[in-house]
Every structure is written in structure tokens, then in C-alpha cells.
There are 2 protein chains.
Amino acid sequence: MSTERENEHPASRGGAAFLLAQLGAHAAQRFADRVAELDLTPAQAGLLRLLAQAPGHSQRELADMLGMPPSRFVPFADGLQERGLIERRRKPGDRRVHALRLTDEGMELLARLRTVARAHEEDVCQALSPDEHQQLIGLLRRIADQQQLTPGVHVGYRRLR
Amino acid sequence: MSTERENEHPASRGGAAFLLAQLGAHAAQRFADRVAELDLTPAQAGLLRLLAQAPGHSQRELADMLGMPPSRFVPFADGLQERGLIERRRKPGDRRVHALRLTDEGMELLARLRTVARAHEEDVCQALSPDEHQQLIGLLRRIADQQQLTPGVHVGYRRLR
DNA sequence: TATTGTTATACTCTATAACTATA
DNA sequence: TATAGTTATAGAGTATAACAATA
């Protein structure tokens, strides 16, 4: 029949799981492009955000939260320290640990990062009405909760340089 | 105030873009775990599915569709050919091109792959009612269309081994 | 001369594990 | 002896580009 192409099986576009993977990779890539304009990688942006929420953690703890080995965290943090965005402070009680926190400059960049994130959100969701946008966030949160994903952190940071 | 933690900014959980990236990475990882039980990587599964939909393409064309360089496609297809899942045939008209297609064994594995994909879909969406599930698919497709993503193919295959 | 498929090489990224200092 | 941080190294994965066959 000549209608074969028109009657494509729905699975050819994928179910929700496929669409999530496809759109997730797309959104992550677009975000990477945007933060590159601030000379940041998504992982670096994630660390800045994490330090704003939870300052004073040791490098080892932060490495765990971001899902990367400590050996990789060191040069990763080095880059941000050299740019004056974060600082390492010896913890008075235990001089082995280096507690990390944002500098004033780091907090300024974080503010610009939030602007970028808002623009990114609008870009990705421009197909939806405000109501649908909220509807989508609600559905996605339900899934994320049920799948026991940690709010605000995702392991994709491991791979997306 | 002690209510600070309760009044967390919504952005701490991320908007839709962040949730998509987070859930997308999660769904992709779960899918990778599942297809590993069939001794396949997600990229290999993607090629099998692609060959079922569109048999007879040249390796170069397939490499383009999957977003990988031709040099990488060769050993990638080698593995599947050695397992007897796909076969290369010289195209009669132009003996430079190797047209790829599924073997019978490849089609059998593809059937098992579809079962795995259905289980994966149910797993990821178990937090939602059937109605909500369809609602989510509708919203995601609208976004995917507007963002001009190719149905059925996603570039995450480049990275997810 | 151009194109398909293939191979070789050089480069990036990563994790493992050795090492230093503090405890 | 154990742990935080750091450094070194070896391995995997990748893309670029050279190559052979066919057009």
C-alpha cells in the first residue's frame, strides 16, 4: 500500500522515555552552548550553584554530590579558583579539609547564570502556554520524585564537559 | 529565620529544562542498563531500530543519521556483523557502497528489544496515570517538534556508549 | 578527480592508584 | 592507621586525516 509511510507506528517517534532522553540531551546541549558564553561548562555552573546553596563543604563531599572522583574534582575546582570565582579555606578544626565557598565575583557570575537559565527555560518551553508549562513541570517532578532523583543535581554533569 | 529551608526557591529543583536534562540522563542510563542484558549498547539498539525502519542505506548515510563520523561507524557495525545481527551487501549499481540490513537473527533481537523498550517506558512513567502519561507524551512531542528534533533519533547516541 | 569504506595515529578524557599532609 | 587532598600514569574513547577501491 502507498499509505504505509503515513501509518507509521507511534513508537517510531518514541514513547515518553525516549522523548525524555532525546529532549534531555537537547536541553543539556543548548544549556552548554549558553553557559559557554560565560566561559563556563555545565559542570562548573553546577558547582557554583551548589556552593551558593551549601557553602563550606569539603572537596570530597562536593565531588560525591556531583558524582565525580576526587582526583578529577581538584583540577576542576582549580580552574574556578584561578579565575577568582571560588576560594579554598583550610578548616580551622581539621587542617586536612579545604572548605569551598563562592567569592563575591563568583556570586556576581552566579547572578548572570540565573539570567541565562531563565532564558534557557523560556527557549526550551516556547512551544507551550504558561498553563501547559506548569503542567509539564508538575508531571516531570512527579516522575523525578518517584524515580528518587536528587533535586537540583543530575549526574549528566559527569559526562557533559 | 528558621523557615528558610522550607521556602526554598523553586529553581533549586530546576525548571522544566533542568528536569528534562535530569530525567533524560536518568532515562538514558536506565535504558542502557536494560539493553546491556541483551549485550547491546543504546547506540547499537538505535542502529538496529534504524535498519528496521530504513533498510539498505549506505554506511555513510547511517553514520550521518546517528551523528557519528564514518571512521567510528565501521568498528561499530563490525561488532553487530560479527554477531550475525546485520549484514553488509555491495550495492550492485555502485560497488563502493555497502548497504546494511538486518539478518533474521537481527530481527528476532529487535523484537526482544521492543519488549525491553515497553518495560522501560512503564518503569519510567509509573508515577503517572494513563491519562497523564498521554498528556506528557503530547507536551513532549510539541516541544520536540518546535525545537526541530528528528523523530526517532537522538544525538545522545554519540556519547552514550 | 570525487566518493565510499577503512585503517592509523594522535589527542582528550578518565579513573586507578600512588603520594603527602594532617589527624 | 586512617582520611583529605593532590599528582602521576596508564587506559579507553574519540576525531582527524591518510589510504585503497571504485566511480
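Checking the phosphate oxygens (OP1, OP2) of dA4(D), a side-chain nitrogen or oxygen of Arg60(A) falls inside 4.0 Å.
The nearest whole Å value for the distance from the CZ atom in Phe76(A) to the C1' atom in dT7(D) is 19 Å. Atom CG in Leu66(B) sits roughly 13 Å away from atom P in dT14(D) (whole-Å rounding). If you take CZ of Arg95(B) and C1' of dA20(D), they are 14 Å apart, rounded to a whole angstrom. Atom C1' of nucleotide dG13(D) and atom CZ of Arg72(B) are separated by 8 Å, given to the nearest angstrom. With rounding to whole Å, Phe73(B) atom CZ is found 17 Å from dA15(D) atom C1'. For the pair Gln59(B) CD and dG5(C) P, the computed distance is 5 Å after rounding to whole Å. Rounded to a whole Å, the CD atom of Glu61(A) is 14 Å from the P atom of dT3(D). To the nearest angstrom, P of dT16(D) lies 14 Å from CE of Met68(B).
For the salt bridge (charged side-chain N to carboxylate O under 4.0 Å, His left out) test, residues two or more places apart in sequence or in another chain that qualify with Arg96(A) are Asp94(A). Every side-chain contact (heavy atoms from CB on, under 4.5 Å) that Thr115(B) has, sequence neighbours left out, goes to Arg118(B). Listed by chain and residue number, nothing satisfies the salt bridge (charged side-chain N to carboxylate O under 4.0 Å, His left out) test with Arg112(A) (two or more places apart in sequence, or in another chain). For Glu122(B), there are no side chain to side chain donor-acceptor pair (under 3.5 Å) partners at least two apart in sequence or on another chain. For His57(B), there are no ring-ring contact (aromatic ring centres under 6.0 Å, His included) partners at least two apart in sequence or on another chain.
Between the side chains of Gln148(A) and Asp145(A), no donor-acceptor pair is found at a separation under 3.5 Å. When only modelled atom types and interatomic distance are considered, Gln29(A) and Asp33(A) share a side-chain donor-acceptor pair under 3.5 Å.
Pairs passing the ring pair (Phe, Tyr, Trp, His ring centres under 6.0 Å) check and including a residue from residues 97-123 of chain B, sequence neighbours excluded, read Phe31(B)-His120(B). For the ring pair (Phe, Tyr, Trp, His ring centres under 6.0 Å) condition, the pairs that include at least one residue of residues 58-88 of chain B, sequence neighbours left out, are Phe73(B)-Phe76(B).
Not a single donor-acceptor contact under 3.5 angstrom links the side-chain atoms of Ser71(A) to the base of dT14(C).
The side chain of Pro69(A) lies closest to dA15(C) when the candidates are dT6(D), dT14(D), dA15(C). Which of dT6(C), dT22(C), dT6(D) sits closest to the side chain of Arg96(A) comes down to dT22(C).
With axes fitted over five pairs at each extremity, the angle between the ends of the helix from dT1(C)-dA23(D) to dA23(C)-dT1(D) is 20° (10° resolution).
If you check residues 77-91 of chain B against DNA chain C, the residues with a heavy atom closer than 4.0 Å are Arg88(B), listed by number.
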